[in-house]
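Structure first, then comments.
By convention in this document, chain letters (A, B, ...) are assigned in the order of the sequence lines, proteins followed by strands, and residues within each chain are numbered from 1.
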Amino acid sequence: AQSVSQHNHHVILSEAASLELGCNYSYGGTVNLFWYVQYPGQHLQLLLKYFSGDPLVKGIKGFEAEFIKSKFSFNLRKPSVQWSDTAEYFCAVINITSGTYKYIFGTGTRLKVLA
Amino acid sequence: EPEVTQTPSHQVTQMGQEVILRCVPISNHLYFYWYRQILGQKVEFLVSFYNNEISEKSEIFDDQFSVERPDGSNFTLKIRSTKLEDSAMYFCASTVERGTHNEQFFGPGTRLTVL
C-alpha cells in the first residue's frame, strides 16, 4: 500500500535552532511532493511543492526541502526557527504513475519552538 | 487571489442526523476532493470527483457518504446518518488539471461534531 512516513512525531527546539523534518514515501515512479503547515486551529497552508527539475525547492517563511529520489525522501529544512513556526507539519505525496491523484499525507510532525 | 471556501465552519449534530457540508471550489477548477482529519490524526482522502462522477473513493467513503455538484459551483458532501466517529475536520480541495503538476487548493475546513 502507498504510504508516507514522517519519523519525527514531536520535535521541540529553541529559537534559532536548525530544523530538519523527515519524509519518506513508499513507492517509485513519478511523484509530486508537498509540505503543508497547520497552525493551531487553522487550515492547511502550502509551504512548498516539488513537481520536477531542481530537487532543492524553496518555499515560504524560509523553508526549503530536498527531493532525493534514490532515498524516496523529501525532507523539510529551515536554518533558524522562530517561535511562530510552532505548528504541525504534514508531508504529502501524489503518485502520478499510479494514475490516481489523491494526496497521501504523512502522520504529521508537531513542532514546538521555545522562545 | 481565488480561494476555496467552505460552509459552515463548524457544524454540531446529533448522532443519526444527516449533514451536508458545502464547498465552493475555485471557479475554473475541474477536479474536486474531500479529505477529513480526525482530531490528532493525519489528513485522509475520502473521495475525488470529476465531470459529475466519483473518480476514486477510499474505504472510509461508504454508503453513508455521498457527493454532489448540484449547481455548477457548489460541491457538497452528505453524510446520511452521522456516527460519533464521523466527528472530524472535513477539507474540500480543488485543482484545475491532473497531470504532472497537481497542486490541490484546500478550503479552511468544516469542523463536524457529532454528539
TODO: Could you grab the distance from atom OG of A:Ser98 to atom CD of B:Glu56, nearest 0.5 Å is fine?
DONE: 7.5 Å
- [ ] Decide whether B:Ile79 and B:Leu84 are clustered together by the hydrophobic rule: side chain heavy atoms of Ile, Leu, Val, Met, Phe, Trp, Tyr closer than 4.5 Å, transitively.
- [x] yes
Task: A:Lys69 NZ: over 12 foreign heavy atoms closer than 6.0 Å - done: no
Open item on the list: Are A:Gln45 and B:Phe106 packed together at the side-chain level, in the sense that at least one heavy-atom pair is separated by less than 4.5 angstrom?
Closed with: no
Task: hydrophobic_cluster_shared for B:Val4 and B:Val47, side chain cutoff 4.5 Å - done: no
Open item on the list: Distance check, rounded to the nearest 0.5 Å: A:Leu46 atom CG versus B:Phe105 atom CZ?
Closed with: 8.0 Å
TODO: Measure the CD-CD distance between A:Gln38 and B:Gln37 for me, rounded to the nearest 0.5 Å.
DONE: 4.5 Å
- [ ] Kindly compute the distance separating NE2 (A:His43) from CD (B:Glu3), expressed to the nearest 0.5 Å.
- [x] 7.5 Å
Open item on the list: Quick check: B:Phe91 with A:Tyr103 (ring centres under 6.0 Å apart)?
Closed with: no
- [ ] Count the heavy atoms of every other residue, nucleotide or ligand shown that sit under 6.0 Å from CG of B:Asp63, and state whether that count exceeds 12.
- [x] no
Open item on the list: Testing the basics here: between B:Gln104 and A:Ile94, what is the closest heavy-atom pair and its distance to 0.1 Å?
Closed with: NE2-CD1, 4.1 Å
Open item on the list: Just checking B:Leu39: does its CG atom have more than 12 heavy atoms from other residues, nucleotides or ligands closer to it than 6.0 angstrom?
Closed with: no
- [ ] May I ask you to check whether A:Tyr101 and B:Tyr33 place their ring centres under 6.0 Å from each other?
- [x] no
Task: B:Val43 with B:Phe45, same ILVMFWY side-chain cluster at under 4.5 Å - done: yes
Task: B:Glu59, CD: over 12 other non-hydrogen atoms inside 6.0 angstrom - done: no
Open item on the list: Whether the side chain of B:Glu44 engages the backbone of A:Phe105 through a donor-acceptor N/O pair (distance < 3.5 Å, no angle test) should be reported.
Closed with: no
Open item on the list: Nearest 0.5 angstrom please: A:Lys102 NZ to B:Ser55 OG, how far?
Closed with: 12.0 Å
